[in-house]
Every structure is written in C-alpha cells, then in structure tokens.
Amino acid sequence: MFLEALGSAILGLALAWAAAHRLPHRLPVRRLVLPTGAAGGLFGAFLTHTALGTVGFLPVMLGAAAVAAASISLLLRPAGRLHRHHSATV
C-alpha cells in the first residue's frame, strides 16, 4: 500500500511536470500545477484501490494517472482568444 501511494504521487508529479514543461503558456505557475498532479495521483490511487480492491499495482497506477491527468486538465486555460464576428443584423 505504501508503494502504491508513493508511486502514484511520483506518477502524478511526473505528469504535472511534463504538462508544465510542454504547455507553460496554458497553465498557471508550477507551484500550483505540481501539487495538483501529485494530489490527483494520490486521489486516483485511493479511488481505484477502493473501487477495485487489491487487484495489483498496474491498475492502481492507471487509475492514478487518469485522475492526475484529469486534475491537471482542469487548470488549462484556452489557447487563444475566441474571435466573435458581429454582424449588422442580430
């Protein structure tokens, strides 16, 4: 159980670091992104372990990665401004 928690936190942190490195213009500061990834990984491992029981290390890590990625994706900002065309008739 300890290795699952440690592995999921490291996995979430690695996903957050990769996202912050690849998309710095669309994410807030790293001080927010990195803990979000780690917390998402821990919560994903907890959720997967609770839902599936003791199924093994790999399914728990997959659940941790999915929830960490979803948590990080909530921090994304739009890529650019939306261009709205105003017409003369409404």
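For the numbers below, each heavy atom of this structure counts, side chains included, while hydrogens, waters and symmetry mates do not. Fair warning: this is a prediction, and the values are worked out from it, not measured in the lab.
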Positive for side chain to side chain contact (heavy atoms under 4.5 Å, CB included) with I72, one of L15, L23, L34: L15
On a heavy-atom basis, which atom in A5 and which in S8 lie closest, and how many Å separate them? O-OG, 2.9 Å
With a cut-off of 3.5 Å and sequence neighbours excluded, list every side-chain donor-acceptor pair involving residues 48-71.
{"residue": "T48", "atom": "OG1", "partner": "G44", "partner atom": "O", "Å": "2.7"}
{"residue": "H49", "atom": "ND1", "partner": "E4", "partner atom": "OE1", "Å": "3.4"}
{"residue": "T50", "atom": "OG1", "partner": "F46", "partner atom": "O", "Å": "2.7"}
{"residue": "S71", "atom": "OG", "partner": "V67", "partner atom": "O", "Å": "2.9"}

One should read off an interatomic distance between L42 CG and L6 CG, to the nearest 0.5 angstrom, of 9.0 Å
Nearest-0.5 Å distance that lies between atom OG1 in T36 and atom CZ in R30: 13.5 Å
Any donor-acceptor N/O pair, R77 side chain to L27 backbone, under 3.5 Å: yes
For P28, check side chain to side chain contact (heavy atoms under 4.5 Å, CB included) against everything at least two apart and list the hits. L32, V33, L75
